[in-house]
> 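Have a look at the structure that comes next, please.
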Amino acid sequence: MTDHEITPEPDADAAPAAESSPAAESSPAAGSSPGGSLSPVPGHEGFSGAEAAFISEMGSLMERWGLPQATGRLFGYLLLRNRPVDLDTMTRELGQAKSGLSVAARQLESWTLVRRSTRPGSRRIDYEAVGDLQHLLLVNNAHMRKFTETLSSGVPVARGEARDRLASLAELFSGFVEQTEALVAAWEARRAAS
């Protein structure tokens, strides 16, 4: 898939299908797959099983980070795209409300996991995942740095074991931030050399 247009997974027992229409795409029950099981992604009829599983897993993962599952699913979907996509396309392909996807896109943008752009002569906003590894690590590192600063600010006000615990945690997370920055720098150097 060069420009990653989401295409249905072929059914081995079915005859080759003609071009699908929106009506044909909506004929299966919402949330069902060719095997009859529930799909991991609402409105996923155009996704392969592996794509749907990835999108669903990203939703579950990001929910553990305190973001709604819908935001994580949108991020998974955008990671699979090779070009920016607008809200109307997201709505059609993910089967979610445009208003909810707009909120999810803004949440991802605030985490600097997606960027927005516009096309010349159009007011539509396109979104694309910021998929470079070093960027994702550095975004996470910025959150960890803030967490470390907050832990460190508690050390002077804590007493006894609590003070030792806070100091130890601040030291651990500070080391994590430093090691991540070193890892990214080394990875970028290897990438530039190749």
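The residues of the chain are indexed from 1 along the displayed sequence.
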> Salt bridge check, Arg116 against Asp126: does any charged N sit closer than 4.0 Å to a carboxylate O?
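Answer for the salt bridge query: no.
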
> What's the shortest heavy-atom distance between Met58 and Leu79, and which atoms?
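Smallest heavy-atom distance, with atoms named: CE-CD1, 3.8 Å.
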
> Whether the side chain of Ser110 engages the backbone of Gln107 through a donor-acceptor N/O pair (distance < 3.5 Å, no angle test) should be reported.
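Checking the backbone N and O of Gln107 against the side chain of Ser110, a donor-acceptor pair under 3.5 Å is found.
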
> Without swapping roles, check the side chain of Thr150 against the backbone of Lys146 for a donor-acceptor pair under 3.5 Å.
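Here the side-chain-to-backbone pair exists.
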
> Apply the test side chain to side chain donor-acceptor pair (under 3.5 Å) to residues Ser194 and Arg190: give CA-CA distance (whole Å), side-chain angles for both, the deciding distance (0.1 Å), then the verdict.
CA-CA 6 Å; Ser194 61; Arg190 281 194 307 274; over 6 Å; no

> Take atom CD in Gln179; do more than 12 heavy atoms of anything else shown fall under 6.0 Å from it?
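Atom CD in Gln179 is not packed in, count stays at 12 or less.
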
> Under 4.5 Å between side-chain heavy atoms, counting indirect links through other Ile/Leu/Val/Met/Phe/Trp/Tyr residues: same cluster for Leu113 and Leu80 or not?
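Yes, it is one cluster - the side chains of Leu113 and Leu80 are joined through contacts under 4.5 Å.
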
> Any luck finding a side-chain donor-acceptor pair between Asp86 and Thr89 under 3.5 Å?
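Short answer, yes.
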
> Taking NZ, NE, NH1 and NH2 as the nitrogens, is one of them in Glu128 or Arg83 under 4.0 Å from a carboxylate oxygen of the other?
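No.
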
> May I ask you to check whether Arg106 and Ser102 show a side-chain donor-acceptor distance below 3.5 Å?
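The criterion, which ignores hydrogens and geometry beyond distance, is satisfied for Ser102 and Arg106.
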
> Testing the basics here: between Leu101 and Gln96, what is the closest heavy-atom pair and its distance to 0.1 Å?
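Looking at all heavy atoms of both residues, the closest pair is CD1-O, 3.9 Å.
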
> Is Arg81 salt-bridged to Glu93, cutoff N-O under 4.0 Å?
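Salt bridge flag = yes for Glu93 with Arg81.
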
> Quick check against the 3.5 Å criterion: does Ser152 have a side-chain atom that pairs as donor or acceptor with the backbone of Thr148?
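Answer holds: yes.
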
> Give a yes or no on whether the backbone of Ala52 and the side-chain of Ser56 come within a donor-acceptor separation of less than 3.5 Å.
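Such a contact is absent between Ser56 side chain and Ala52 backbone.
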
> Is the number of heavy atoms from other residues, nucleotides or ligands within 6.0 Å of CD (Glu188) greater than 12?
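Correct, the count exceeds 12.
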
